[in-house]
Amino acid sequence: MNLFLSRIIRASKLEANLYEEVEADKSSITHAVAVVILSSFAAGLGSATPADPLNLLSNTLGAFIGWVLWAFFIYIIGAKLFPQPQTEADYGQLLRTIGFSASPGIIRIAGVYQPLRETLFFIVAIWMFAAMVVAARQALDYTTTLRSLMVCLGGWFLQILLLGLILFSVQNF
């Protein structure tokens, strides 16, 4: 199995060692971006409707922008505002680990089958969030999962707030 596919599977299995591996491997940013693009495209395709083909583009783009923002907010909250003494992380490490935490999102493509869509997207959202918590814990060198959970929730809230403001501004422009 090639390295890329192996990493996607390991990330989806929430293997902490995988997140340590991509945190340390600066060249894995290409794979992390590819995972986010695949996951974002799967979300866009899985939620697209024939009546609204632009939904594919907007959902894909929104998911990608969300990744960049969420990683940034986790970096600010986790590495700058509330680091632990052993925390040594840069934005690139968070982009790489959080990029791979989007791995479970690739199965959202199955949302093209409408009867599965809502349940599938809900389950995958929880799965991706769990992967995000593991990824952030490893990248930030936290000793507890609870601390990582709180940082990820804070980053999620700020990301949603900012994306909401952007969408509101675009719609009223």
Side-chain angles (χ1 to χ4, degrees), residues 1-16 18-19 22 28-74 77 94-139 145 148-173:
M1 185 177 334
N2 72 30
L3 179 63
F4 182 58
L5 183 57
S6 172
R7 283 179 166 176
I8 289 172
I9 292 168
R10 291 173 57 212
S12 297
K13 291 164 71 175
L14 309 182
E15 288 185 16
L18 172 275
Y19 292 105
V22 297
S28 68
I29 189 66
T30 306
H31 282 168
V33 170
V35 169
V36 172
I37 290 169
L38 286 170
S39 180
S40 300
F41 184 73
L45 193 60
S47 62
T49 60
D52 189 8
L54 285 179
N55 209 16
L56 172 62
L57 179 61
S58 65
N59 287 340
T60 302
L61 188 59
F64 189 81
I65 292 169
W67 165 63
V68 173
L69 289 174
W70 204 350
F72 176 74
F73 287 130
I74 289 173
I77 295 168
L94 280 155
L95 280 173
R96 291 189 300 273
T97 59
I98 290 171
F100 274 93
S101 75
S103 293
I106 295 170
I107 66 171
R108 292 181 292 190
I109 196 165
V112 297
Y113 181 62
Q114 173 59 36
L116 289 179
R117 184 176 295 160
E118 287 183 33
T119 303
L120 176 71
F121 272 56
F122 178 75
I123 291 168
V124 170
I126 292 169
W127 188 0
M128 288 175 64
F129 188 80
M132 173 89 62
V133 170
V134 173
R137 184 186 70 211
Q138 299 311 118
T145 301
S148 182
L149 173 70
M150 299 309 292
V151 167
C152 288
L153 282 172
W156 175 79
F157 177 76
L158 291 172
Q159 171 216 265
I160 293 298
L161 183 65
L162 185 57
L163 285 175
L165 288 172
I166 291 168
L167 287 174
F168 179 76
S169 298
V170 168
Q171 288 176 348
N172 290 322
F173 180 64

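- Within the model, atoms CD1 of I109 and CD1 of I107 stand 11.0 Å from one another, a figure rounded to the nearest 0.5 Å.
- Of all non-hydrogen atoms in A131 and Y19, the two that sit nearest each other are CB-OH, 3.5 Å.
- Here E118 pairs with nothing under the salt bridge (Lys or Arg N to Asp or Glu O under 4.0 Å) rule; sequence neighbours left out.
- For I166, the side-chain contact (heavy atoms from CB on, under 4.5 Å) test picks out L162, V170, with sequence neighbours left out.
- Tested against R7 for a side-chain contact (heavy atoms from CB on, under 4.5 Å), the candidates V22, N2, V35 yield a single pass: V22.
- With sequence neighbours excluded, the residues that form a side chain to side chain donor-acceptor pair (under 3.5 Å) with T145 are R137.
- Taking R108 as the reference, S39 meet the side chain to side chain donor-acceptor pair (under 3.5 Å) condition, with sequence neighbours excluded.
- Using a 4.5 Å heavy-atom threshold, the side chains of M132 and W156 count as separate.
- Of all non-hydrogen atoms in V133 and S148, the two that sit nearest each other are O-OG, 2.6 Å.
- Taking the side-chain contact (heavy atoms from CB on, under 4.5 Å) definition, one finds that Y113 meets it with P115, L116, sequence neighbours left out.
- Applying the side-chain hydrogen bond (donor to acceptor under 3.5 Å, both in side chains) test to residues at least two apart or on different chains, none of the pairs has a partner in residues 159-168.
- The number of heavy atoms from other shown groups lying within 6.0 Å of CZ (F129) is above 12.
- For the pair W127 (side chain) and S103 (backbone), a donor-acceptor distance under 3.5 Å is absent.
- One finds the CG atom of L38 at 11.5 Å from the CG atom of L45 (value rounded to the nearest 0.5 Å).
- We find the CG-CZ distance between L161 and F157 to be 5.5 Å, quoted to the nearest 0.5 Å.
- The two atoms that bring I98 and A135 nearest to each other are N-CB, 4.2 Å, heavy atoms only.
- Note that CG of L158 is 11.0 Å distant from CG of L153, once rounded to the nearest 0.5 Å.
- Rounding to the nearest 0.5 Å places OG of S6 at 10.5 Å from NE2 of H31.
- A heavy-atom distance below 4.5 Å is found between the side chains of L95 and W67.
- In this structure, A42 and I106 approach most closely via the heavy-atom pair CB-O, 3.3 Å.
- To the nearest 0.5 angstrom, I8 atom CD1 is 13.5 Å from K13 atom NZ.
- Aromatic ring pairs are classed by plane angle as parallel below 30°, tilted from 30° to 60° and perpendicular above 60°; the pair F100 and F4 is perpendicular.
- Considering every non-hydrogen atom in both G105 and M128, the closest pair reads CA-SD, 3.4 Å.
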